[in-house]
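Note that these values count all heavy atoms, side chains included, but never hydrogens, waters or copies made by symmetry. One-based numbering along the sequence shown.
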Amino acid sequence: MVHVRRLEVNDVGAVVALVNQQLAHASALEPAINHVVDNELFDEALRAQRAHVWVAIRHGVLVGHLYGAVLANARGTSAWVGPDGVSFDAPDALDALYARAGQAWIDAGALEHWVWTPDRVDAFLPWSELGFAKEHRRGVRALTDLAPAPLPPGLELRPGHDHEWAVAEVLDAHLDAAQREGPNFFLSPALPSESITATLDDPDVDWHVLARGGEVLAQCVSYPLDPRRGSFDDVVHLSGVVVRDDVRRRGLGRILVEQVLAAHAARGARYAEVHWRVTNRDAERFWRRAGFVPTFTRLRRVIDA
Ligand SMILES: CC(C)(COP(=O)(O)OP(=O)(O)OC[C@H]1O[C@@H](n2cnc3c(N)ncnc32)[C@H](O)[C@@H]1OP(=O)(O)O)[C@@H](O)C(=O)NCCC(=O)NCCS
């Protein structure tokens with residue numbers, strides 16, 4: 001029998017230990033997952049979030065925890081569980097934890113629940129039994145072994161210019177159109193805050209374009225990631241990778257990504273991360289072929305109100 005209650009200060013050490021064990025296990029099975037935890041910082045974070053962290057107790061022993069950040073944006077309110085936000089020794093502990101935490105999220109208006117789990121079947125199944133489905137995959141690539149071929153003659157990789165934002169919007173529309181196609185069927189229109197121009201306005205974001213004779217054929221954006229548990233330090237995140245639809249399957253996507261990664265490696269990045277929708281099968285093949293190793297999968301459940 002599992003009993004669930006809120007985290008108490010005396011529980012913090014046990015939760016830190018469980019998360020360390022869990023990341024060590026995940027990293028042993030997939031070395032692209034970083035097992036190193038700054039325990040002092042994690043300890044502090046748990047204390048600060050104490051009122052929102054649930055723990056599972058079986059026969060007097062703490063056997064799991066669950067914490068979801070409830071956040072609101074223009075799409076609504078959602079609960080977000082990171083790779084360090086959950087631990088459990090057996091599915092019945094997760095069932096009991098989610099029953100309590102999920103209710104608290106719903107009471108706070110969060111009907112959409114997101115959870116990062118290691119990209120393994122055994123990590124997914126207990127959540128799948130609770131109605132969660134795979135949405136996104138996170139891929140990681142070390143930047144130590146890059147050997148990009150020289151750019152083919154006529155192609156140029158350069159930063160996009162401010163006066164070219166209309167070009168970025170056109171290519172972004174190509175990306176949206178591709179996302180709407182089956183089996184992806186991502187029909188949800190982007191919010192203004194998610195638009196390419198809002199992204200390019202962020203001073204931390206670099207915009208890269210691949211051009212030939214003044215014509216932009218492909219683009220992507222990149223930005224440094226803050227340290228996070230499960231990831232390594234010095235990570236650059238790539239997103240919005242798109243090749244104009246009439247010039248796909250000619251190797252341009254591969255060239256763009258390799259050149260951008262080499263540029264970031266030269267500036268000190270040691271790893272790159274990317275997220276893709278699991279239903280975007282072209283992206284799935286593309287990122288794996290480009291050397292990105294799946295580490296975590298993000299699961300989603302929407303509560304039918
Ligand atoms: C994903 C995407 C960026 C790939 O760009 P691309 O330029 O087509 O990529 P590449 O040409 O390097 O590789 C794609 C495929 O073409 C193949 N290919 C490359 N050169 C080729 C050639 N000369 N002849 C035939 N096939 C070729 C590759 O082997 C690869 O095959 P695979 O998918 O079966 O593994 C592009 O499809 C795209 O813009 N999609 C829409 C936006 C999107 O989904 N972006 C990803 C978001 S996470």
Apply the hydrophobic cluster definition, ILVMFWY joined by side-chain contacts under 4.5 Å directly or through others, and give me every member besides Val121.
Leu125

So, the side chain of Ser87 versus the backbone of His65: is there a donor-acceptor pair under 3.5 Å, distance only?
yes

Linking Ile, Leu, Val, Met, Phe, Trp and Tyr through side-chain heavy atoms less than 4.5 Å apart, which residues share a cluster with Val61?
Val63

Output all residues satisfying side-chain contact (heavy atoms from CB on, under 4.5 Å) with Tyr271, sequence neighbours left out; order by chain, then residue number.
Val140, Ala142, Phe232, Val235

Quick test of your reading of the model: are Arg141 and Asp145 salt-bridged, counting only N-O distances below 4.0 Å?
yes

Please determine whether a side-chain nitrogen of the Lys or Arg among Glu284 and Arg289 lies less than 4.0 Å from a carboxylate oxygen of the Asp or Glu.
no

Backbone of Ser195 reached by a side-chain donor or acceptor of Thr199 within 3.5 Å
yes

Distance from Ser231 atom OG to Phe296 atom CZ, nearest 0.5 Å?
6.5 Å

If the condition is side-chain contact (heavy atoms from CB on, under 4.5 Å), which residues does His161 pass it with, not counting sequence neighbours?
Arg158, His163, Glu164

Let me have the donor-acceptor pairs involving side chains of residues 205-216, under 3.5 Å, with sequence neighbours excluded, atom names and distances please.
unit_1, atom_1, unit_2, atom_2, d
Asp206, OD2, Arg267, NH2, 2.7
Trp207, NE1, Gln219, OE1, 2.9
His208, NE2, Ser222, OG, 2.7
Glu215, OE2, Arg244, NH1, 2.8
Glu215, OE2, Arg244, NH2, 3.4

With heavy-atom distances below 4.5 Å as the criterion, would you say the side chains of Val257 and Leu238 are in contact?
yes

Of all pairs that satisfy ring-ring contact (aromatic ring centres under 6.0 Å, His included), the ones with a partner from residues 106-145, not counting sequence neighbours:
Trp80-Trp114, Tyr98-His113, Tyr98-Phe132, Trp105-His113, Trp114-His136, Trp116-His275, Trp127-Phe132

May I have the list of side-chain donor-acceptor pairs in residues 170-186 shorter than 3.5 Å, sequence neighbours left out?
unit_1, atom_1, unit_2, atom_2, d
His174, ND1, Asp245, N, 3.1
His174, ND1, Asp245, OD1, 3.3
Gln179, OE1, Asn184, ND2, 2.6
Asn184, OD1, Thr279, OG1, 2.5
Asn184, ND2, Gln179, O, 3.1

Side chain proximity check, Arg138 to Arg298, heavy atoms < 4.5 angstrom:
no

With no hydrogens and no angle check, is any side-chain donor or acceptor of Arg6 less than 3.5 Å from a backbone partner on Ala51?
yes

Are any side-chain N or O atoms of Arg75 and backbone N or O atoms of Ala72, one a donor and one an acceptor, separated by less than 3.5 Å?
no

Using the rule given for salt bridge (Lys or Arg N to Asp or Glu O under 4.0 Å), can you reason through Glu273 versus Arg228, listing the C-alpha separation, both sets of side-chain angles and the distance that settles it, and then say yes or no?
CA-CA 12 Å; Glu273 285 192 5; Arg228 59 196 63 194; 5.6 Å; no

With the side chain counted from C-beta on, respond yes when Leu97 and Tyr67 share a heavy-atom pair under 4.5 Å apart, and no when they do not.
no

Can you confirm whether Leu157 sits close enough to Val260 that some side-chain heavy atom of one is under 4.5 Å from a side-chain heavy atom of the other?
yes

Residues passing the ring pair (Phe, Tyr, Trp, His ring centres under 6.0 Å) test with Phe286, sequence neighbours excluded, are none

Checking Arg270 side chain against Thr144 main chain: does a donor-acceptor pair fall under 3.5 Å?
no

Within a strict 4.5 Å, meaning less than it, do heavy atoms of the Leu41 and Glu44 side chains meet?
yes

Give, for atom CD1 of Ile303 and atom CD1 of Ile106, the distance between the pair rounded to the nearest 0.5 Å.
4.5 Å

Tell me the salt bridge (charged side-chain N to carboxylate O under 4.0 Å, His left out) pairs involving residues 110-131, sequence neighbours left out?
Glu112-Arg300, Asp119-Arg137, Arg120-Asp122

Just jot down the side-chain contact (heavy atoms from CB on, under 4.5 Å) partners of Leu7, sequence neighbours excluded, or say none.
Asp11, Val12, Val15, Leu46, Arg50, Val53, Val55

Are Leu261 and Glu258 close enough that some pair of their side-chain heavy atoms sits under 4.5 Å apart?
no

side-chain hydrogen bond (donor to acceptor under 3.5 Å, both in side chains) partners of residues 22-42, not counting sequence neighbours, each pair once:
Asn20-Asn39

Pairs flagged by salt bridge (charged side-chain N to carboxylate O under 4.0 Å, His left out) wherever residues 88-110 is involved - sequence neighbours left out:
Arg58-Asp89, Arg58-Asp92

Got Leu200 and Val221 here, is their nearest side-chain heavy-atom distance under 4.5 Å?
yes

